[in-house]
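Just below is one structure, and these are the notes that go with it.
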Amino acid sequence: MATDAPLPSNAELAALLRKIGGYLALHGEEGYRVLAYERAADVLQDYPASAATLALQGELRSLPGIGAAMEAKVLEYLHTGLIHLLVDLEARYPAGLLELLQLPGLGTATVRRLWETLGVCDAAGLREACLAGSVESLKGMGRRTQERILEALARGPAAGTGRHLLGAVEPTALRLLERLAGCDSVVQATCAGSLRRRCSTVKDIDLVAGSSEPPAVLRRFATTADLSRVIQVGSTKLVAETQNGISVDLRVVSPEAYGNLLQHATGSAAHNVALRRHAQHRGLKLSENGVEAVGRARSLPFAEEEGVYRHLGLDLIPPELREDQGEIEAAAEGELPRLIEPGDLRGDLHVHTSWSDGREGIREMALAARSRGLEYICITDHSRSLAMARGLDPARLEQQREEIRDCNLELTDITILAGCEVDILADGALDLPDHTLAGLDFVIASIHSAFSQPLERIMSRLRAAAENPHVDAIAHPSGRLLVSCVISSLTVGQEDAIVGYGRDDPCPGCCR
DNA sequence: GCCGTTTTCGGCCCGACTGTTTTCAGTCG
């Protein structure tokens, strides 16, 4: 790799390791070796700073799941631009096989068998083989499997596998929860999974319920009009898809084991793995059905989630902390932190209104804040250079301050502060003059353009803004994108930054 | 391939569901 080339992103490194893992799985490698690549990819993907920089500093092995082999492959890529193991694997297996692994219901064993016996090496070949009836002729496959593969091919690999903003999914989830709670014999029901952990993005909607008649609840729930199709129904579990294409997993157990199920379904996967290891060390086996002493046939169910954690010698861990980031050790020591709750919030210092790209006016935002118990808000609309958001120049900013003064006179039980989210321009200057900023109660500075500048240049812009005496805060400093979609040739991202969003191409609302 | 309440090798979370076969392999979360 050329020395002046930009360092690969964490996502790029993670994709390389994931590719190796996929090929090794097809190669029939031992499962734990494959798992190690997937775990390492997850770790690099989630690392908040540059993993490449960390590797060059010789510190990559300080990350969990990264050992000598992973570090060597990352360094090999950084120094040479390729990984020999991956090159060898790519020469041996068609790239299309990895795409086939993305299809729901197709795992490594099946894909490898289709390739070895039928020569299927991509989606087109698989469709052809299915239509010719070749797949169902294989031992152990059958007609139903062949139909299922054709359905998966028709839907494509992306269907139901993307992530969505929490706020975009929650209304649908709450509506489904209402339907579930309304089913006869349901005594408890709630959302689980990443929704309950309040993750920024969620992959699907996980629901759990306690009932003396799980099969009847599942049958009833399967008829909910909000579901476009039911993929799978067993005696305790249902998998379906909503009208807007989001996967739904529902598990129903007896109320006596509701706590175990809720714990299991809330996750995360990493937390559950760590919790089960913790249980093992205490001579216990943990599952969604209960906790049992190793060697005993009977498991102990818990109606409440707290009982599960207490039985394992732990304080109840808030769902938001269940990511295997040290929360189990903290719970064992009684040292879990107290989380900030909505009731702790006294004000909101970053509020947009219809003066720029918000949807509501100043008064409406103040009333909404007051209804949530806030004591103050600060109106911080965009500045003039963000033309697509109708950013404010000094004259409009002054007009806005007059409206804020009027609102403060009318609404006596909440304080409305006058502020601005001023752009940090490409040359590091701020988008509004100092004397304008000096008259505001609170000034946020942020970058909305020229993201492609070198890291040092962007850092110098942020540093210059932070050193301005009128700037009180820097917004979205990482410029991360939580979800993105493509509109024509443009990529639109949401939540922390908008990249490549053309002036004349209004976002249709798909990301909101 | 990683890693340590088992610490340089042996173990690595656990169960539901499907399709096919009739006891289990494969997939998924």
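Keep in mind that the numbers below use all heavy atoms, side chains included, and drop hydrogens, waters and symmetry copies. Treat the numbers as computed from the prediction; the structure is a model and nothing was measured.
When the nucleotides B:dC17, B:dG19, B:dG15 are ranked by their closest atom to the side chain of A:Lys285, B:dG15 comes out on top. Among B:dG19, B:dT18, B:dA16, the nucleotide with an atom closest to any side-chain atom of A:Asn289 is B:dA16.
One finds a salt bridge joining A:Glu170 and A:Arg198 here, because a Lys/Arg side-chain nitrogen approaches an Asp/Glu carboxylate oxygen to under 4.0 Å.
Atom CZ in A:Arg251 sits roughly 7 Å away from atom P in B:dA16 (whole-Å rounding).
Of the residues in residues 24-32 of chain A, those with a non-hydrogen atom less than 4.0 angstrom from any atom of DNA chain B are A:Glu30, A:Tyr32. Within residues 314-324 of chain A, no residue has any heavy atom under 4.0 Å from DNA chain B. Residues from residues 59-67 of chain A with heavy atoms under 4.0 angstrom of DNA chain B, sorted by number: A:Pro64, A:Gly65, A:Ile66, A:Gly67.
Using modelled atom types, one finds a donor on one side chain and an acceptor on the other under 3.5 Å when comparing A:Ser185 with A:Ser211.
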**OP:** For each nucleotide in nucleotides 4-10 of chain B, reading 5' to 3', give B when a protein heavy atom comes within less than 4.0 Å of its base, S when such contact involves only the sugar-phosphate, and - otherwise.
**Re:** --B----
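Taking only side-chain nitrogens and oxygens, A:Ser235 comes nearer than 4.0 Å to OP1 or OP2 of B:dC17.
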Any protein N or O atoms within reach of nucleotides 26-29 of chain B? Criterion: under 3.5 Å, listing atom names and distances.
unit_1 : atom_1 : unit_2   : atom_2 : d
B:dG26 : O3'    : A:Thr110 : OG1    : 3.1
B:dT27 : OP1    : A:Gly107 : N      : 2.6
B:dT27 : OP1    : A:Gly107 : O      : 3.0
B:dT27 : OP1    : A:Thr110 : N      : 3.1
B:dT27 : OP1    : A:Thr110 : OG1    : 2.6
B:dT27 : OP2    : A:Ala109 : N      : 3.4
B:dT27 : O5'    : A:Gly107 : N      : 3.4
B:dC28 : OP1    : A:Gly105 : N      : 2.3

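Sorted by first and then second residue, the side chain to side chain donor-acceptor pair (under 3.5 Å) pairs with a member in residues 54-63 of chain A form an empty list; sequence neighbours excluded.
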